[in-house]
Amino acid sequence: MNGTKMGVTPSQTIGPFFKFGTEWMASEDIVSQGASGAIVLQGTVYDGAGDPVPDAMLEVWQADQVGKFPPDTTEGWTGFARRLTDADGRYVIRTVKPGRVPDATGELQAPHIAMVVFARGLLKPVFTRVYFSDESDANASDPLLAELEDSQARSTLLAALEDGRYRFDIRLQESSRGPETQFFAFGE
Amino acid sequence: MASGIILAKPQTEEDPPYNHPQYKSTALRGPNRSPLIIRPGLTELHGPVFGESRIRPNDNDLTAQHPGEPIGEKIVVSGQLMDSDGRPIRNQLVEIWQANSCGRYAHALDDHPAPLDPNFTGGGRTMTDNEGRYRFTTIKPAAYPWGNHPNAWRPAHIHFSLYGTAFTQRLITQMYFPGDPLIDSDPIANSIRDKKVLARLVSAFDWDLTIPGTALGYRWDIVLGGSNPTPEAI
């Protein structure tokens, strides 16, 4: 498009008191229990003191199992889930591992889920990606993971398989819980 | 840097910073490392689509969600949701939440000793129309004190949650009211350093939105950044 860009509306914090406005959409899973290929993604949001964040809202967004997005998906597929963290800072989402989709240059990426986290104290959200630790071949050829030279930062993007569930913690800052999660901003 | 996925410049540098000492809660929650700026992939260039079926008739009228009338000044808040090229964002979900006319939230942890209103919860949602327009009927929220610093007061505001056509456009923000003297001293509003950018969060009084004898009207247009090429164009 040509012409002058409009001034973009800036971000402000979600604040502490969003539950009554956002929880209506915060209990749906991406797939139902027993669905083919169902996995559980869960974790805890931590602050810089290593304390759980009980008032965060997070959202995930992903391709389906064959790497498609609506409207090219089967009926009922949304690819989206919202969660409000519980009193212990935890979230749990039932979903499926997404298929591989290309990056902006057409290169195939490893399976990953896009995640955004909002909280009191965050004047703008943090964006990250959930990759899967048991996809080592795909991860090794993922264009973003390949460019992350800091192996500690890279490790924060990998959901670990523990007792049949994928665990992905979000650390807003480095603490006794581990290094700060690698967050992203988007360019064009 | 084979694939060029890591970039030097973000889409916008007008958003507030993660660390803003005047807003105390940022100290332990704002990341200390700068986010890595990346070219969004196909996932981030798509975004969730919410069906009309999720919205109930009174979801956009916060004054009609209980048996009685809420207390306070009834207002209409309406505007257009668009991308930075001015293209309307059609059929997309807009959510709001706010304090009541006494400055109290319907939230268990809000301990401000102002009364709750049994006829007002303060949450609403709607879908934008074909021109990207949304419209809510609500009660004007009041200012309220908070513990950030001595005698701290938040200006009256309505929280807005917005989706574009791409996940990169996801926005949660706050709408303020014109002429509010508390905006100048509010650390959250002033985390936006450029006054011209902050002004985009202030709604405009609009006679055309008023309902004679019933409600005053405020217009607030919302522009989402990150208007990338459509995924089909990649």
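Per chain, numbering begins at 1; letters A, B, ... match sequence-line order.
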> Between A:Met25 and B:Arg125, is a side-chain contact (heavy atoms from CB on, under 4.5 Å) present by the stated rule, with each step listed?
Replying inline: CA-CA 11 Å; A:Met25 203 166 61; B:Arg125 48 192 178 266; over 6 Å; no
> Would B:Ile172 and A:Ser11 satisfy side-chain contact (heavy atoms from CB on, under 4.5 Å), going step by step from the backbone distance to the final call?
Replying inline: CA-CA 6 Å; B:Ile172 287 181; A:Ser11 174; 5.9 Å; no
>> What verdict does the salt bridge (Lys or Arg N to Asp or Glu O under 4.0 Å) test give for B:Asp110 and A:Lys19, after you've listed the backbone C-alpha separation in whole Å, the side-chain angles of each residue and the deciding distance to 0.1 Å?
In response: CA-CA 11 Å; B:Asp110 185 359; A:Lys19 183 177 178 186; over 6 Å; no
>> Does B:Glu44 form a side-chain contact (heavy atoms from CB on, under 4.5 Å) with A:Phe127? I'd like the steps, not just the answer.
In response: CA-CA 10 Å; B:Glu44 288 117 351; A:Phe127 288 90; over 6 Å; no
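Looking at B:Leu62, neither its backbone nor its side chain comes within 4.5 Å of chain A, counting heavy atoms on both sides. Contact of A:Ser175 with chain B is not made at all, since no heavy-atom distance falls under 4.5 Å. The contact between A:Pro16 and chain B is made entirely by backbone atoms, counting heavy-atom distances below 4.5 Å. With a threshold of 4.5 angstrom between heavy atoms, A:Phe17 approaches chain B through its backbone and through its side chain. For A:Glu23, no part lies near chain B; criterion is any non-hydrogen pair under 4.5 Å. Residue A:Glu174: no heavy atom, backbone or side chain, is found under 4.5 Å from chain B. With a 4.5 Å cut-off on non-hydrogen atoms, A:Arg129 touches chain B through its side chain but not through its backbone. At a 4.5 Å heavy-atom cutoff, the contact between A:Arg82 and chain B is made by side-chain atoms alone. The parts of A:Val53 that come within reach of chain B are both its backbone and its side chain, each placing non-hydrogen atoms under 4.5 angstrom from that chain. Only the side chain of A:Gln109 comes within contact range of chain B, with heavy atoms under 4.5 Å apart. Neither the backbone nor the side chain of B:Phe160 comes within contact range of chain A, judged by heavy atoms closer than 4.5 Å. With a threshold of 4.5 angstrom between heavy atoms, A:Phe80 approaches chain B through side-chain atoms but not through N, CA, C or O. Neither the backbone nor the side chain of B:Trp146 comes within contact range of chain A, judged by heavy atoms closer than 4.5 Å.
The shortest heavy-atom contact between A:Trp61 and B:Thr43 is NE1-O, 2.9 Å. Nearest heavy-atom pair across B:Arg29 and A:Leu172 is O-CB, 3.3 Å. Shown here for A:Pro143 and B:Ile5, the closest heavy-atom pair between the two residues is O-CG2, 3.9 Å. Residues A:Gln12 and B:Ser191 approach most closely at NE2-OG, 3.6 Å, considering heavy atoms. In terms of heavy-atom proximity, A:Gln173 sits nearest to B:Asn32 at CD-ND2, 3.7 Å. Smallest separation of non-hydrogen atoms from B:Ile37 and A:Gly187: CG2-N, 3.8 Å.
Listed options A:Pro102, A:Pro10, A:Pro70, A:Ala49 were ranked by heavy-atom pairs under 4.5 angstrom with chain B; first place goes to A:Pro10. When A:Thr181, A:Leu148, A:Val116 are compared by the number of non-hydrogen pairs under 4.5 Å with chain B, A:Val116 comes out ahead. Between chain A and the residues B:Leu109, B:Val49, B:Ile188, B:Ile96, the most heavy-atom pairs under 4.5 angstrom are made by B:Ile188. The greatest number of non-hydrogen atom pairs below 4.5 Å with chain B, out of A:Phe183, A:Phe69, A:Phe118, is found for A:Phe69. Of the listed residues (B:Ile222, B:Leu36, B:Asp221), the greatest number of heavy-atom pairs within a distance under 4.5 Å of chain A belongs to B:Leu36. The residue among B:Arg33, B:Gln174, B:His159, B:Lys196 with the most heavy atom pairs within less than 4.5 Å of chain A is B:Arg33. With respect to chain A, the highest number of heavy-atom pairs below 4.5 Å among B:Val197, B:Asn19, B:Leu162 belongs to B:Val197. With chain A as partner, the option from B:Pro48, B:Ala99, B:Gly123 having the largest number of non-hydrogen pairs under 4.5 angstrom is B:Pro48. Between chain B and the residues A:Gly21, A:Ala114, A:Ala185, the largest count of heavy-atom pairs under 4.5 Å involves A:Ala185. If you tally non-hydrogen atom pairs under 4.5 Å between each of A:Arg171, A:His112, A:Met57, A:Glu59 and chain B, the highest count goes to A:Glu59. When each of B:Ser161, B:Gly124, B:Ala189 is checked for heavy-atom pairs under 4.5 Å with chain A, B:Ala189 comes out on top.
Taking the ring centroids of B:Phe167 and A:Phe186, they lie at or beyond the 6.0 Å cut-off.
Between B:Asp83 atom CG and A:Met6 atom CE the span is 8.5 Å, to the nearest 0.5 Å. Rounding to the nearest 0.5 Å gives a distance of 3.5 Å between OG1 of A:Thr13 and OH of B:Tyr23. Atom NZ of residue A:Lys124 and atom CD of residue B:Glu14 lie 11.5 Å apart, to the nearest 0.5 angstrom. Between the OG1 atom in A:Thr22 and the CD atom in B:Glu95 there is a gap of 7.0 Å [rounded to 0.5 Å]. Rounding to the nearest 0.5 Å places CZ of A:Phe184 at 8.0 Å from CD1 of B:Ile6.
Few gaps surround CZ on B:Arg133; more than 12 heavy atoms of other groups in view lie less than 6.0 Å from it. Shown here is A:Gln33, whose CD atom has no more than 12 heavy atoms of other residues, nucleotides or ligands within 6.0 Å. No more than 12 heavy atoms of other residues, nucleotides or ligands sit less than 6.0 Å from atom CZ of A:Arg167.
In this structure, B:Tyr18 contributes its side chain and A:Gly121 its backbone to no donor-acceptor pair below 3.5 Å. Checking side-chain atoms of A:Thr9 against main-chain N and O of B:Val223 turns up a donor-acceptor pair under 3.5 Å.
Proximity of B:Pro35 to A:Thr128: side-chain heavy atoms (C-beta onward) are nowhere separated by under 4.5 Å.
Taking the six-membered ring for Trp and thresholds of 30 and 60 degrees, A:Phe20 and B:Tyr105 have ring planes inclined between 30 and 60 degrees apart.
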